[in-house]
Amino acid sequence: MHCQTGSWGSYVPTTRTTVGDPLERIERLASENAVVIFSISSCCMCHAIKRLFCGMGVNPTVYELDQDPRGKDMEKALMRLLGSSPALPVVFIGGKLVGTMDRVMASHINGTLVPLLKQAGALWL
């Protein structure tokens, strides 16, 4: 998919999932696609991370937590998982937690992000 302003890969409505532990739900959603971003639609850092991946030719699956009735619970679970606040955006690649914006950018700068994306099948360079 060609990413443009306002179009960030695959948006998946998170309301289709069953009720359960927010952390289990996050882990399940994160494992369903090569690159998963948990985001808030009005967050500038979330916007920047989506632009980064789209600019690299990656088609991330984006879950906008502010558009999910249980998004606040998922955001709290992400904060517990990371041990930090604020927790968004949070990126998973190949079902594994990469982290927030600072971790993703550090991986990009030090050259470890592209191999990780290739290994997950999200990038074919």
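The basis for the numbers below is simple: all heavy atoms, side chains too, and nothing from hydrogens, waters or symmetry mates.
- Residues that satisfy the side chain to side chain contact (heavy atoms under 4.5 Å, CB included) test with Ala122, not counting sequence neighbours, are Ala34, Val35, Val58, Leu117.
- In this structure, the side chain to side chain contact (heavy atoms under 4.5 Å, CB included) partners of Leu97, at least two apart in sequence or on a different chain, are Leu81, Leu82, Val90, Phe92.
- Between Glu75 atom CD and Ile26 atom CD1 the span is 9.5 Å, to the nearest 0.5 Å.
- Judged as a salt bridge (Lys or Arg N to Asp or Glu O under 4.0 Å), not a single pair has a partner in residues 91-104 (not counting sequence neighbours).
- Between Met56 and Leu123, the shortest heavy-atom distance links the atoms O-CD1, 3.2 Å.
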Report task. Kindly determine whether Ile93 and Leu113 satisfy side-chain contact (heavy atoms from CB on, under 4.5 Å), including the steps that lead there. Result -> CA-CA 9 Å; Ile93 299 176; Leu113 183 60; 3.6 Å; yes

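- Between Glu32 and Arg28, at least one side-chain N (NZ, or NE/NH1/NH2) sits under 4.0 Å from a carboxylate O, which counts as a salt bridge.
- Checked against side chain to side chain contact (heavy atoms under 4.5 Å, CB included), Asp66 has the following partners two or more places apart in sequence or in another chain: Ile40, Ser41, Glu64.
- Residues Thr61 and Leu29 fail the side-chain proximity criterion, which asks for heavy atoms closer than 4.5 Å.
- Across all their heavy atoms, Pro89 and Ile37 have their closest contact at CB-CG2, 4.2 Å.
- Under a cut-off of 6.0 angstrom, the local environment of CE in Met45 is sparse, with at most 12 non-hydrogen atoms contributed by other residues, nucleotides or ligands.
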Requested in this report: Mind running side-chain contact (heavy atoms from CB on, under 4.5 Å) on Asp73 and Arg25 for me, showing each step along the way?
Outcome: CA-CA 10 Å; Asp73 291 335; Arg25 184 173 179 219; over 6 Å; no

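- Partners of Lys76 under the salt bridge (Lys or Arg N to Asp or Glu O under 4.0 Å) rule, at least two apart in sequence or in another chain, do not exist in this structure.
- Ser42 contributes atom OG, which lies 12.0 Å from atom NE2 of His47 (distance to the nearest 0.5 angstrom).
- Qualifying side-chain hydrogen bond (donor to acceptor under 3.5 Å, both in side chains) partners for Thr112, counting only residues two or more places apart in sequence or in other chains: Asn110.
- Going from atom SG of Cys44 over to atom CE of Met101 covers 8.0 Å, rounded to the nearest 0.5 Å.
- Residues Val36 and Ala30 come closest through the heavy atom pair CG2-O, 3.7 Å.
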